[in-house]
Amino acid sequence: MTKRYWLMKSEPSAYSIDDLKRDKSTLWEGVRNYQARNFMMKEMKVGDQALFYHSNADPPAAVGVAEVSGLAEPDPTQFDASDCHYDPKVAPSNPTWYCVRVKFKEKFAREVPLPEMRAREDLQSMVLLQKGSRLSIQPVTGKEFKIICDLGSRAAAIGRPKSR
DNA sequence: GCCAACGTTGGC
DNA sequence: GCCAACGTTGGC
């Protein structure tokens, strides 16, 4: 099966790329949107690559790469009354919410801020940039993934022109 | 803090 | 099944 590419949002105040770096891997808990859940449940495979995106940050930015390291399993927080993602409607015998495990791959040498992505002609079709889009887990193409990784590497910093 | 856009809930 | 009201997301 071909490797696929994703973008996963997290508010850095809740869980940042540095948290993932520290933890090495984590369950992507707390997703409470069916479309995002379905990507995790039905489409994400071990080895898939994901851009780690900081939402509600200043500026919002792609900050690194994670890799799917475990197929979807029931999200434990849906059963935990002390957790802010607790879902009292869910019976333990029949989980509603699932999450994959992801592991840390890299933190970009520099963040790739949202306005920079917006400004690029070759990223216009990204789900992230569509008006009103707020999916917290979304597919990206291999091409988009590579462009953003390149922008995040130091060599590509500030989009210096090739010729002068 | 504001607010546009989206998703969910619940009355009918 | 419609749709108004409400809650949430997330950029600005």
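Quick caveat, the model's predicted, so the values are computed rather than measured. Below, chain A is the first sequence line, B the second, and so on; all start at residue 1.
- In terms of heavy-atom proximity, A:S55 sits nearest to A:P12 at O-CD, 3.2 Å.
- Within the 4.5 Å cutoff, no side-chain heavy atoms of A:E43 are placed close to those of A:N38.
- Here the range on DNA chain B touched by chain A, meaning any atom under 4.0 Å from one of its heavy atoms, is B:dA5 to B:dT9.
- Salt-bridge formation is detected for the pair A:K146/A:D150: a Lys NZ or Arg NE/NH1/NH2 atom is positioned less than 4.0 Å from an Asp or Glu carboxylate oxygen.
- Residues passing the ring pair (Phe, Tyr, Trp, His ring centres under 6.0 Å) test with A:Y15, sequence neighbours excluded: none.
- Using a 4.0 Å cut-off between charged side-chain N and carboxylate O, A:R101 and A:E67 make no salt bridge.
- Mapped onto DNA chain B by nearest heavy atom, A:N56 and A:G132 fall at different nucleotides, with A:N56 at the one closer to the 5' end.
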